[in-house]
Amino acid sequence: MTTHYHAPIQIQTASGSSAGTSILVIYTGGTIGMDYDPTGSFLIPFDFEQILKKLPELLRFDLNLTVLSFLEPIDSSDMTPQHWLSLAKIIGDFYDDYDGFVILHGTDTMAYSASALSFLLENLAKPVIFTGSQLPIARPRTDARENFISALEIAATQEDGKPLIPEVCIFFDNLLLRANRTRKVQSHIFTAFKSGNYPPLAITGVTIDYQTHVILPIPQKSLIVHQTLNEDIFTVRLFPGMNLNYLASIIEMPRLQGIVLESYGSGNVPTDDQFLDILQYAIEKDIIIYNVSQCNGGAVQQNLYGAGQRLNEIGVIEGADSTPEAALTKLMFITALETDLDKRKNLLYKSLRGEITSK
Ligand code: ASP
C-alpha cells in the first residue's frame with residue numbers, strides 16, 4: 001500500500017549527526033500536535049518544522065532525530081486498519097536506519113493502533129513507543145512535553161548496545177505499558193491509559209525504572225512486517241436486554257469471519273437458549289466467537305458458571321485476559337494470516353506478542 005507522508009525533517013539536537021542513537025518520530029495527528037492558528041483563536045495541526053520552538057529541551061538530547069509527518073494529520077477517531085498497515089510499512093522501510101521509533105498519535109484509538117502494530121511487527125527487536133497527550137502542545141500546562149520527551153528517552157535506551165524495549169508500547173503520564181495490554185480509561189486526567197492485567201514495563205519519576213523481568217526477550221529471528229488485516233470482524237458488547245434479532249442479523253452478514261464477544265465479569269453470558277443458539281449457529285458457519293471481558297482486569301474462565309459450560313460445548317473461544325482492543329486486532333490479524341480454522345483457533349489460544357497470559 002502507498003504511504004502518504006511529508007519528506008523527513010531532521011531535528012538538529014546538541015550533538016547533531018555525531019550522536020550515537022537515532023530515533024524516527026512518526027507524527028500521525030491527535031491532540032498532541034495541536035497549536036493555535038495565527039489569530040490565536042482555534043487549534044490546528046502543528047507544523048513540525050517548528051518543534052524546537054515548542055520543545056527547546058530537545059536541543060539537549062544526544063540523539064539524531066528525524067520526523068515523518070502524515071500528509072494530513074488526523075484525529076485518531078479516523079484511524080483505520082489501512083493506517084495501521086501504513087505505520088507498520090514505514091517502520092519496516094526504516095527499520096535498519098534507526099534504533100527506535102516514537103509514534104505520536106491521538107489518544108482515543110491509540111490502544112487499537114498500538115495493539116495492531118504489535119501483531120503486524122513480528123520478531124520486533126527495537127522499541128516502538130506510542131505517545132500523545134491530553135492537552136495540546138501549545139497549552140502551558142500541556143502533558144505533551146513530558147510524554148514526548150520521556151518516550152524519546154525510552155526509545156533511545158540501550159543496554160550493552162541492545163535496545164532495552166523490543167516491544168510496541170504506549171508511554172503516557174508516568175507509565176510505559178505493553179501496547180496490547182493497554183486501554184484508554186480516562187479522557188480528563190493525565191493518567192489516560194491502564195494495563196489491568198500486566199505490570200508496567202517502566203515507571204518514570206526522578207529516574208526511569210525499567211522492570212526488566214516483565215519485558216519480552218529480544219527475538220533471534222529477523223523482523224517480519226505483515227501487510228494484511230481482515231476487516232470482516234465485528235465486536236458485540238453484551239448488555240442486559242439486548243434485542244437478539246439484531247445479533248442474529250449480524251451473524252447473517254456475508255463474509256463475517258469473527259466476533260469479539262465482550263461478555264460480563266469472568267466471561268459470563270445470558271443463559272437464554274435463544275442467545276446461545278445464535279452463537280452456536282454462528283460457530284457452525286465457521287465464524288469465530290472470541291470471548292473477552294468488559295472488565296479492565298481479570299480473565300475469562302468459561303468453566304466457572306453454568307452458561308460458560310455451554311459456551312465451551314459449542315466452541316466459543318476463551319480470550320483469557322485479553323483487552324478487547326488486542327482481541328479485535330488479533331482476530332483481524334490471524335484471520336488474514338491463516339485460512340484454516342483450526343490454525344486460527346490455535347493462534348488465538350497462544351500468546352503471540354505477550355498479549356495474553358497463557359495457561
Ligand atoms: N480526539 C483526539 C484523538 O484521539 C484526542 C487525543 O488526541 O487525545 O485524536
I need the minimum non-hydrogen distance between [X] and [Y], along with the two atoms involved.
X: Leu256; Y: Ile250; result: CD2-O, 3.5 Å
X: Tyr290; Y: Gly319; result: CE1-CA, 3.6 Å
X: Thr131; Y: Phe171; result: OG1-O, 2.7 Å
X: Val185; Y: Thr191; result: CG2-O, 4.4 Å
X: Ser118; Y: Val168; result: CA-CG2, 3.7 Å
X: Pro73; Y: Pro45; result: CG-CB, 3.9 Å

Any heavy-atom pair between the side chains of [Y] and [X] that's under 4.5 Å?
X: Phe172; Y: Leu177; answer: no
X: Ile23; Y: Tyr98; answer: no
X: Ile129; Y: Cys169; answer: yes
X: Met332; Y: Phe119; answer: no
X: Arg141; Y: Phe190; answer: yes
X: Leu55; Y: Ile137; answer: yes
X: Glu338; Y: Asn346; answer: no
X: Asn303; Y: Gln309; answer: yes

Verify, without hydrogens or angle tests, whether [X] (side chain) and [Y] (backbone) share a donor-acceptor contact under 3.5 angstrom.
X: Thr182; Y: Ala111; value: no
X: Asn291; Y: Gly267; value: yes
X: Arg237; Y: Glu262; value: no
X: Ser266; Y: Val300; value: no
X: Ser133; Y: Leu135; value: yes
X: Asn180; Y: Arg353; value: yes
X: Ser293; Y: Gly265; value: yes
X: Glu167; Y: Ile215; value: no
X: Asn174; Y: Gly205; value: no
X: Asn197; Y: Gly298; value: yes

Stepwise side-chain contact (heavy atoms from CB on, under 4.5 Å) test for Phe61 and Ile149: CA-CA 9 Å; Phe61 266 115; Ile149 286 180; 3.8 Å; yes

Which distance, rounded to the nearest 0.5 Å, do you find between the [atom1] of [X] and the [atom2] of [Y]?
X: Tyr198; Y: Thr323; atom1: OH; atom2: OG1; answer: 14.0 Å
X: Ile251; Y: Glu284; atom1: CD1; atom2: CD; answer: 11.5 Å
X: Ile289; Y: Leu279; atom1: CD1; atom2: CG; answer: 5.5 Å
X: Ile356; Y: Lys350; atom1: CD1; atom2: NZ; answer: 10.5 Å
X: Ile259; Y: Asp232; atom1: CD1; atom2: CG; answer: 11.5 Å
X: Phe70; Y: His105; atom1: CZ; atom2: NE2; answer: 7.5 Å

Could you see if [X] belongs to whatever hydrophobic cluster contains [Y]? Use Ile, Leu, Val, Met, Phe, Trp, Tyr and a side-chain cutoff under 4.5 Å.
X: Tyr112; Y: Phe234; answer: no
X: Leu331; Y: Leu121; answer: yes
X: Tyr281; Y: Ile314; answer: yes
X: Phe239; Y: Tyr246; answer: no
X: Phe333; Y: Ile224; answer: no

Atom [atom1] of [X] with >12 non-hydrogen neighbours under 6.0 angstrom:
X: Glu72; atom1: CD; answer: no
X: Lys126; atom1: NZ; answer: yes
X: Phe275; atom1: CZ; answer: yes

So that I can tick it off, tell me whether Lys285 and Glu252 are bridged by a salt bridge, with the cut-off set at under 4.0 angstrom between side-chain N and carboxylate O.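 Lys285 and Glu252: salt-bridged.
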
Between Asp277 and Arg310, does at least one N-O distance fall below 4.0 Å, as a salt bridge requires?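 Result for this pair is yes, salt bridge flagged.
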
Run the side-chain contact (heavy atoms from CB on, under 4.5 Å) check on Tyr95 and Leu24 step by step: do they pass? CA-CA 9 Å; Tyr95 192 67; Leu24 180 67; over 6 Å; no

Test Thr66 against Gln10 for side-chain contact (heavy atoms from CB on, under 4.5 Å), laying out the working first. CA-CA 5 Å; Thr66 307; Gln10 303 295 334; 3.0 Å; yes

What residue among Arg181, Arg183, Arg178 forms salt bridge (Lys or Arg N to Asp or Glu O under 4.0 Å) with Glu325?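 The salt bridge (Lys or Arg N to Asp or Glu O under 4.0 Å) with Glu325 is passed solely by Arg183 among Arg181, Arg183, Arg178.
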
Could you check whether Asp143 and Gln134, counting side-chain N and O atoms only, form a donor-acceptor pair closer than 3.5 Å?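 Side chains of Gln134 and Asp143: no pair found under 3.5 Å.
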
Answer with yes or no whether the side chains of His83 and Thr80 bring together a donor and an acceptor at under 3.5 Å.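 There is such a pair between these side chains.
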
Between Thr157 and Ile208, is a side-chain contact (heavy atoms from CB on, under 4.5 Å) present by the stated rule, with each step listed? CA-CA 10 Å; Thr157 300; Ile208 301 182; 5.7 Å; no

